[in-house]
Amino acid sequence: MPLLEVHNLSMRYTTLRGIVKALEGVSFSVNEGETLAVVGETGSGKSTLAKAIVRVLEENAKIVSGEIIFDGVDILKLSEEEFRRNYRWVKIAMVPQGSMNSLNPVLKIMDQMIEPLVLRGISKIDAIKIAGDALESVGLTRDVLTKYPHQLSGGMKQRVIIAMAIQSRPKLVILDEPTSALDVMTQANIMNLLKRLRREFKLSYVFITHDLALASELADKVLVLYAGKVAELGSADLIYTEPKHPYTQGLMSSIPTLREDKKLSFIPGEVPSLINPPSGCRFHPRCPYAMDICRREEPPLITLDNDHKVACWLYSK
Ligand SMILES: Nc1ncnc2c1ncn2[C@@H]1O[C@H](COP(=O)(O)OP(=O)(O)O)[C@@H](O)[C@H]1O
Ligand SMILES: [Mg+2]
């Protein structure tokens, strides 16, 4: 049984300029111990997906359809109280995008780490022990508990955030661009840490990144998201050796430049506004193979051999 199953998830944001169709019919699953990488450029809906799973959506966000099944339970149907008590930060943890820069500057690391534990009824003494153990698991010393964020390097702050995510021994950790603000060396160290923690604590990951090359270091499966829709989904082996969607192919061919954080050189243009997405296939304005039908009709998600899925008219028979 999959640990996490997302079925047909659609999400909207209401804004003054209109309705943002941030996710449209997104489906995928993650088995126990597996890592799913979610890859796509900025604006493709990756963070929205992460926030939907842990239910930390902004006021203007709305889930308009879909189910999120975790460990057999439809967690969208749970009350907030039940979800907070047994799921968020307990069984499902998240490292939010940019979170290392949102540590509270006036609170010691200890106070920030134990707060969610104490809220769950754990005594302060036990919570401090749990937080200290978690810091040691991520390669920090317990004395970090008494430090303030400004006394730590970027890499250390990111380790603190990861320690907070794993301290309740979750089954699933959602990592939203966990290394994007870090230099290359620190990024490599954090990637190694994530690999070790996954082994040690038998974690499943949803690893979100705009960097397909980085994803290859952890991914068992890859979901390519484009403008709020699944472009391609399959085992990492298939996605890296036989990318089918022109967008995935473009991402692949720009890997060397992506790593240097340059603009995609092989896919001109950018992710469209999701208020008025392009007709038909949302990728057609940037696609070198666009045909008539691509402008008119949305492509279905086509299943190829080995459960490899691609939303592209090129593969329709
Ligand atoms: N709180 C919000 N209100 C309105 N629009 C939003 C909000 N958050 C994200 N969006 C829009 O939703 C789309 C997806 O954003 P996001 O999930 O952050 O993508 P990613 O993480 O892939 O960069 C973008 O068009 C973005 O502008
Ligand atoms: Mg994001």
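Numbering starts at 1 and runs along the sequence shown. Counting starts at 1 for both ligands and their atoms, in listed order.
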Mode of Glu41 contact toward ligand 1 - side chain, backbone, both, neither (heavy atoms, under 4.0 Å): backbone
Check ligand 1 against Thr42 and write out every atom of the ligand that is under 4.0 Å from a heavy-atom position of the residue. 23 (O)
Quick one: CZ on Arg84 to CG on Leu119, what's the gap to the nearest 0.5 Å? 7.0 Å
Counting heavy atoms only, which of Thr14, Leu274, Val271 is nearest atom 13 (C) of ligand 1? Leu274
Which atoms form the tightest heavy-atom contact between Thr179 and Leu214, and what is the distance? OG1-CD2, 3.4 Å
Angle subtended at the Mg ion (ligand 2) by Gln97 OE1 and Ser47 OG, to the nearest 10 degrees, is 80°
Quick one: look up the protein heavy atom nearest atom 6 (C) of ligand 1 and list residue, atom name and how far away it is. Tyr13 CD1, 3.4 Å
Closest non-hydrogen atom pair between Lys108 and Leu145, with its separation: CB-O, 3.9 Å
Ignoring hydrogens, what is the shortest heavy-atom contact between Met252 and Pro243? Give both atom names and the distance. CG-CG, 3.9 Å
Give the atoms of ligand 1, by number and element, whose distance to some non-hydrogen atom of Asn60 is under 4.0 Å. 1 (N), 2 (C), 3 (N), 4 (C)
List ligand 1 atoms under 4.0 Å from Thr15, heavy atoms only on the residue side. 4 (C)
For atom 26 (C) of ligand 1, is there a protein heavy atom at a distance under 4.0 Å? no
Non-hydrogen atoms of Tyr148 and Val106 that approach each other most closely: CE2-O, 3.5 Å
Regarding ligand 1, does Lys51 bring an N or O atom to under 3.5 Å of one of the ligand's N or O atoms? no
Which atoms of ligand 1 are found less than 4.0 Å from any heavy atom of Thr48? 14 (C), 15 (O), 16 (P), 17 (O)
Spatial distance of atom NE2 (His284) from atom CE (Met291) [nearest 0.5 Å]: 12.0 Å
Is it true that a side-chain atom of Glu67 and a backbone atom of Leu76 form a donor plus acceptor pair closer than 3.5 Å? no
How far is atom 23 (O) of ligand 1 from its nearest protein heavy atom, and which residue and atom is that? Gly43 N, 2.7 Å
Quick one: look up the protein heavy atom nearest atom 11 (C) of ligand 1 and list residue, atom name and how far away it is. Val20 CG1, 3.9 Å
Show me which atoms of ligand 1 lie under 4.0 Å from any heavy atom of Ser47. 17 (O), 18 (O), 20 (P), 21 (O)
Does the structure place the NZ or CZ of Arg88 under 6.0 Å from the centre of the six-membered ring of Phe83, at an angle of no more than 45° from the ring's axis? no
Is ligand 1 under 4.0 Å from a heavy atom in the side chain of Lys46, in the backbone, in both, or in neither? both
Verdict with supporting geometry, Glu136 and Arg142, salt bridge (charged side-chain N to carboxylate O under 4.0 Å, His left out): CA-CA 7 Å; Glu136 288 184 343; Arg142 298 184 103 83; 3.2 Å; yes
In this structure, atom 19 (O) of ligand 1 is nearest to the protein heavy atom Gly45 N, 3.1 Å
So if you build clusters from Ile, Leu, Val, Met, Phe, Trp, Tyr with side-chain heavy-atom gaps below 4.5 Å, do Leu107 and Leu117 land together? no
